[in-house]
Trainee: 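After the structure tokens below, expect a handful of questions from me.
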Amino acid sequence: MKKTIKKICATISFTIIAIIVFGALLLGITNYTYTNRVLPRIYLGDEYLGGKNYNEVKKIIDASITQRSAKIILTDGTRSWSLDKGDIGLDINTSQSAKQALNWGRNKSVVRSFTEQLSLIAQVANLKVSYTIDQEKLNTKINEIAGEIDTMEQDATLLVQDGVITEQDAKEGERLSKETLDVLINKKLSTLSSETIQLPVETIIPKVYREGLADAKTKLEYLIKNDIELINKETKYQVSKEQIFQWLDLFASSVRTDNRGYVLGVSLNQEKVKAYLATLAEAIDQEPINAKLVFKDNKVSVFNTAQAGRKLDTKKALTMIEDALLNAKVQTIELPVAEVEPEISDAKINQLGLNEIIGKSTTSFVKSPANRIHNIKNGTSQLSGFLIEPNTDFSVVARLGEVNDKNGYLPELVIKENRTIPEYGGGLCQVSTTLFRAALEAGLPIIERQNHSYRVSYYEPPVGLDATVYLPKPDLKFKNNTPGYILVQGYVEENNLTFELYGTKDGRVAKLEGPFTSGYTDPPAPIYIETDTLAPGETKQIEKAHKGASAVAYYKVYNKDGKEVNNQTFKSKYKAWAAQYLVGKTPANPENTDSSPSSE
């Protein structure tokens, strides 16, 4: 038995050695025969490369590129697309491809070389071309093709037109598989194949077909059976069947039909109803108007009476509409509109604590232009009669609102971007400056204040207690930290503007040291600007010169016990300002090239 096993092992060993020796001999003969040539049974696409040298292989690849890959043709069966080399940034490296063909089966590893060459006995080897592409360009082209092919699937659904429900059939969709197409294009390029690429287009099946509409149609008929009428006093809002349909969501439910697809579901979308009610609220809602007060003959009286507001209760209205639709209730709904009482009504004026003047200031606007005076009066009327609640900030910009012609303002000079230019509301800084000084006298904390870019004669003396405003910034803000309300009252007498603050004194004392001025600087040399709007040589001043200066004021407030409760410093820096003149252009003279002075 042992002798038999030894004999068998010896036979097997001999056979293996014989095969290896024979294979080595065969491969040796092959390598010798194919020195500097491609080994047999090696292909590039359908081109046979066996026995070809480097130049011959390169020539074959070049010819294939010219004949077969000038364009890449793609089709979906009915339409065709083509991709040029430049479309995708294609660059085929023929030299590298030829080297790869020659080196196949000739590796540094003897074992690997032996294995690769031995495999040629069993099957041919198909090589790939060495190439590069611009992937971003390729993706762009694929996306363009997808844009032409892709179509969304459409579920069967219901429509409402002129109060009639109609059914709409389902439609299948199509989607190009971009990833698969990318693989197919690269495969074609690597083998220099001339075959047209069949686009990998997937069919997208809809979820709902016509047989899934029956239940939804029955429910929809129930929901839009009647129009809804919404009533707010004498005003009526008709909600048509089409509008009700717009409030609904139609969707593929989780219930399958007996045949194919799913049952169409119907539900009321609360957000859509809320959006509709929001549009109604814009027409219905009205903010309450506080009574406008005036202090006269040592008492507060009503200048403009208060007006109650109204507000649509959209949450309650939504519930009423849902109830009417889902439970077949009455289709006429009285909208829930609540009356909103003003915070300051005529009956409350004696409870506000407006007993006396707590702060007052007067400034002069003598020699102001007519438009500036108009704007001062208009801005004063916007602030006058306003009540500042305890522990709240007062903003001049917020109270003035939009400054434009619709709100009664006229164009007048304002300081903007280091220039004095005409804009609506010029002169309002007289209003804010006067109110600023009244707030200082009342001992109120100043939250925000900014001086002008340059000195303005209307507010001097003193230098350094002005307050500029411009929508939306800068602003003048101060806080009412008194025990009660503060009534702002302003009025114009002759060429003077006065603001008075009425409230309840709490024993506080305000002290202002300064303002102290320093660092005066002379204005720069005048600036002359040529213009076609004036006669040649005519001059018109558009900016006055102003000296520059710095100013500082120290503001302290003490309570009734003499304790310091506020300490603020107001610093102001004013630029020196050059006078500016417009000068009419002098016509060009060929014999005289001199020109009028100008500023660039």
Trainee: Atom CD1 of I447 and atom CG of D393: how far apart are they, to the nearest 0.5 Å?
Mentor: 5.0 Å
Trainee: Please identify each residue that fulfils side-chain hydrogen bond (donor to acceptor under 3.5 Å, both in side chains) with Q307, with sequence neighbours left out.
Mentor: none
Trainee: Can you check whether K367's main-chain N or O pairs, donor with acceptor, with N495's side chain at less than 3.5 Å?
Mentor: no
Trainee: So, taking the atom named OH in Y276 and the one named CD in Q246, what distance separates them when rounded to the nearest 0.5 Å?
Mentor: 12.5 Å
Trainee: Can you give me every donor-acceptor pair (side chain of residues 471-487, partner residue at least two apart or in another chain, under 3.5 Å) with its distance?
Mentor:
from, atom 1, to, atom 2, distance (Å)
K473, NZ, E448, OE1, 3.0
K473, NZ, E448, OE2, 3.0
D475, OD1, V396, N, 3.4
D475, OD1, V397, N, 3.0
D475, OD2, S395, OG, 2.5
N480, OD1, T482, N, 3.0
N480, OD1, T482, OG1, 2.6
N480, ND2, I388, O, 3.0
N480, ND2, E389, O, 3.1
N480, ND2, G484, O, 3.0
N481, OD1, R508, NH1, 2.7
N481, OD1, R508, NH2, 3.2
T482, OG1, G484, O, 3.1
Y485, OH, E343, OE2, 3.4

Trainee: I'd like to check L268 versus L248 (side-chain heavy atoms, cut-off strictly below 4.5 Å). Are they in contact?
Mentor: yes
Trainee: Could you work out, with salt bridge (Lys or Arg N to Asp or Glu O under 4.0 Å) as the rule, every residue matching E287, not counting sequence neighbours?
Mentor: none
Trainee: Using modelled atom types only, decide if a donor and an acceptor are shared between the side chain of S432 and the backbone of C429 within a distance under 3.5 Å.
Mentor: yes
Trainee: List the residues meeting ring-ring contact (aromatic ring centres under 6.0 Å, His included) with F365, not counting sequence neighbours, and say none if there are none.
Mentor: none
Trainee: Under a 3.5 Å cutoff, is there a donor and acceptor pairing between the side chains of E493 and Y491?
Mentor: no
Trainee: D134: which residues meet the salt bridge (Lys or Arg N to Asp or Glu O under 4.0 Å) condition with it, sequence neighbours left out?
Mentor: none
Trainee: R437: what forms a salt bridge (Lys or Arg N to Asp or Glu O under 4.0 Å) with it, not counting sequence neighbours?
Mentor: none
Trainee: Calculate, to the nearest 0.5 Å, the distance between atoms CD1 and CG belonging to I373 and L410 respectively.
Mentor: 11.5 Å
Trainee: Got a sec, which pairs hit salt bridge (Lys or Arg N to Asp or Glu O under 4.0 Å) with one end in residues 271-280, sequence neighbours left out?
Mentor: D249-K272, E271-K274
Trainee: How close do I321 and I228 get, heavy atom to heavy atom, and via which atoms?
Mentor: CG2-CD1, 4.5 Å
Trainee: Applying ring-ring contact (aromatic ring centres under 6.0 Å, His included), can you list everything that pairs with F570, at least two apart in sequence or on another chain?
Mentor: F436, Y555
Trainee: Heavy atoms only: give me the nearest G537-T586 pair and the separation to one decimal.
Mentor: N-OG1, 4.5 Å
Trainee: Please give me the minimum heavy-atom distance between Y520 and R455, naming the atom from each residue.
Mentor: CE2-NH1, 3.6 Å
Trainee: Among all residues two or more places apart in sequence or in another chain, which pass the side-chain hydrogen bond (donor to acceptor under 3.5 Å, both in side chains) test with T433?
Mentor: none
Trainee: Using distance alone, with no hydrogens and no angle criterion, decide if N451 and K573 have a side-chain donor and acceptor under 3.5 Å apart.
Mentor: no
Trainee: Run the ring-ring contact (aromatic ring centres under 6.0 Å, His included) test against Y558 and tell me which residues pass, sequence neighbours left out.
Mentor: none
Trainee: Got a sec, which residues hit ring-ring contact (aromatic ring centres under 6.0 Å, His included) with Y409, two or more places apart in sequence or on another chain?
Mentor: none
Trainee: Minimum heavy-atom separation for L465 and A553, please, with both atom names.
Mentor: CD2-CB, 4.2 Å
Trainee: Return the minimal non-hydrogen interatomic distance between P523 and A576, and the atom names on each side.
Mentor: CA-CB, 4.0 Å
Trainee: Any pair with a residue in residues 304-318 that passes salt bridge (Lys or Arg N to Asp or Glu O under 4.0 Å), sequence neighbours left out, goes on the list, sorted by first then second residue, please.
Mentor: D285-K311
Trainee: Got a sec: does the CD of Q238 have more than 12 other heavy atoms crowding it under 6.0 Å?
Mentor: yes
Trainee: Ignoring hydrogens and geometry beyond distance, is a side-chain donor-acceptor pair present between T363 and Q430 at under 3.5 Å?
Mentor: yes
Trainee: Please report the closest heavy-atom contact between A317 and L277, naming both atoms and the distance.
Mentor: CB-CD1, 3.9 Å
Trainee: Can K141 and D182 be said to form a salt bridge (Lys or Arg N to Asp or Glu O under 4.0 Å), step by step?
Mentor: CA-CA 10 Å; K141 286 297 180 181; D182 186 287; over 6 Å; no
Trainee: Would you tell me whether R449 and S572 have side-chain atoms, one donor and one acceptor, within less than 3.5 Å of each other?
Mentor: yes
